[in-house]
Structure formats: structure tokens, C-alpha cells
Amino acid sequence: MSGETIARNYVSGDDIVAARARFAALAKSEPQNMFARTMGFITDYNYSKYVRGDNTPAYAAYLGYLDVQELYPDVRPRSFRAFVAELLDGKAEKPYKVLPRFV
């Protein structure tokens with residue numbers, strides 16, 4: 001909507017699986033290696049999102065989560081596209097009017 005393009009760096013599921021195994025092995029062989037442990041957490045999260053698909057609406061329904069559209073079919077939330085249009089027009093309100101000084 002802004003006319004900008006973002007370069008995308010695609011990573012295959014196989015690459016995620018390989019990185020996950022690599023960092024798990026490194027963390028096991030070097031338990032004090034915080035980089036390996038942190039990357040292990042990150043690759044586990046990426047595996048959950050992109051390989052297993054744990055972040056899909058179908059999986060949420062399978063787990064029993066409620067869908068606001070099913071509970072309140074008359075409620076029409078603002079679309080992401082409408083929010084971006086307001087943002088680009090300079091009309092979007094700040095979500096937090098008062099922030100701590102360090103932010």
C-alpha cells in the first residue's frame with residue numbers, strides 16, 4: 001500500500017529442521033553455550049510455526065480455542081488493510097497514549 005517492497009529471504013522447512021538439529025546437538029555437547037541454547041529456542045519456535053503449522057486457525061480450533069467471529073458474528077473488526085491505510089495517512093492513533101520514558 002505504501003509502494004515499498006521488502007526483500008524476502010525464504011527458508012525451507014528442511015533448513016529449519018537441519019538448524020534445529022544442529023543447535024540441539026551443540027547445546028547438548030556444550031550445556032553452557034548460551035548462544036546454542038538461545039538459537040535452539042528460536043529454531044524450535046520456527047519449527048512450531050512454519051513446519052508443524054501450530055499457528056494456523058485450524059489448529060487453534062482443534063485445540064478448542066474460541067473464534068470471535070463465531071461467538072459474535074455481527075462484530076466486524078477493523079481490517080489490517082484499513083489500519084495500514086490510516087497509518088499511512090497519519091490518522092492512526094497510538095495504541096498506548098502514555099509510555100514509560102525509556103521506550
- prompt: Taking atom CG of Asp54 and atom OH of Tyr62, what is their separation to the nearest 0.5 Å?
  reply: 10.5 Å
Quick one: closest heavy-atom pair of [X] and [Y], and the distance?
X     : Y     : result
Gly40 : Thr43 : O-OG1, 3.1 Å
Ser2  : Glu4  : OG-OE2, 3.0 Å
Ser79 : Ala82 : OG-N, 3.0 Å
Ala27 : Ala36 : N-CB, 3.9 Å

Any chain of hydrophobic side-chain contacts (each under 4.5 Å) joining [X] to [Y]?
X     : Y     : answer
Tyr72 : Leu66 : yes
Ile42 : Val11 : no
Tyr50 : Tyr47 : yes
Phe80 : Val68 : no

task: Kindly indicate, with the supporting measurements, whether the criterion side-chain contact (heavy atoms from CB on, under 4.5 Å) is fulfilled by Phe35 and Phe23.
output: CA-CA 9 Å; Phe35 175 75; Phe23 287 114; 3.9 Å; yes
query: Taking the side chain from Asp67 and the backbone from Gln69, do they hold a donor-acceptor pair closer than 3.5 Å?
result: yes
message: Tell me every residue that passes side chain to side chain contact (heavy atoms under 4.5 Å, CB included) with Ser12, counting only those two or more places apart in sequence or in another chain.
response: Asp14, Asp15
task: Determine, for Arg20 against Asp44, whether the closest basic-nitrogen to carboxylate-oxygen distance falls under 4.0 angstrom.
output: yes
message: Taking NZ in Lys49 as the centre, count heavy atoms belonging to other residues, nucleotides or ligands within less than 6.0 Å. Is the count above 12?
response: yes
- prompt: Hey, are the side chains of Leu26 and Glu30 touching, using non-hydrogen atoms and a 4.5 Å cut-off?
  reply: yes
query: Does NZ or CZ of Arg78 lie under 6.0 Å from the centre of the six-membered ring of Phe83, at an angle within 45° of the ring axis?
result: no
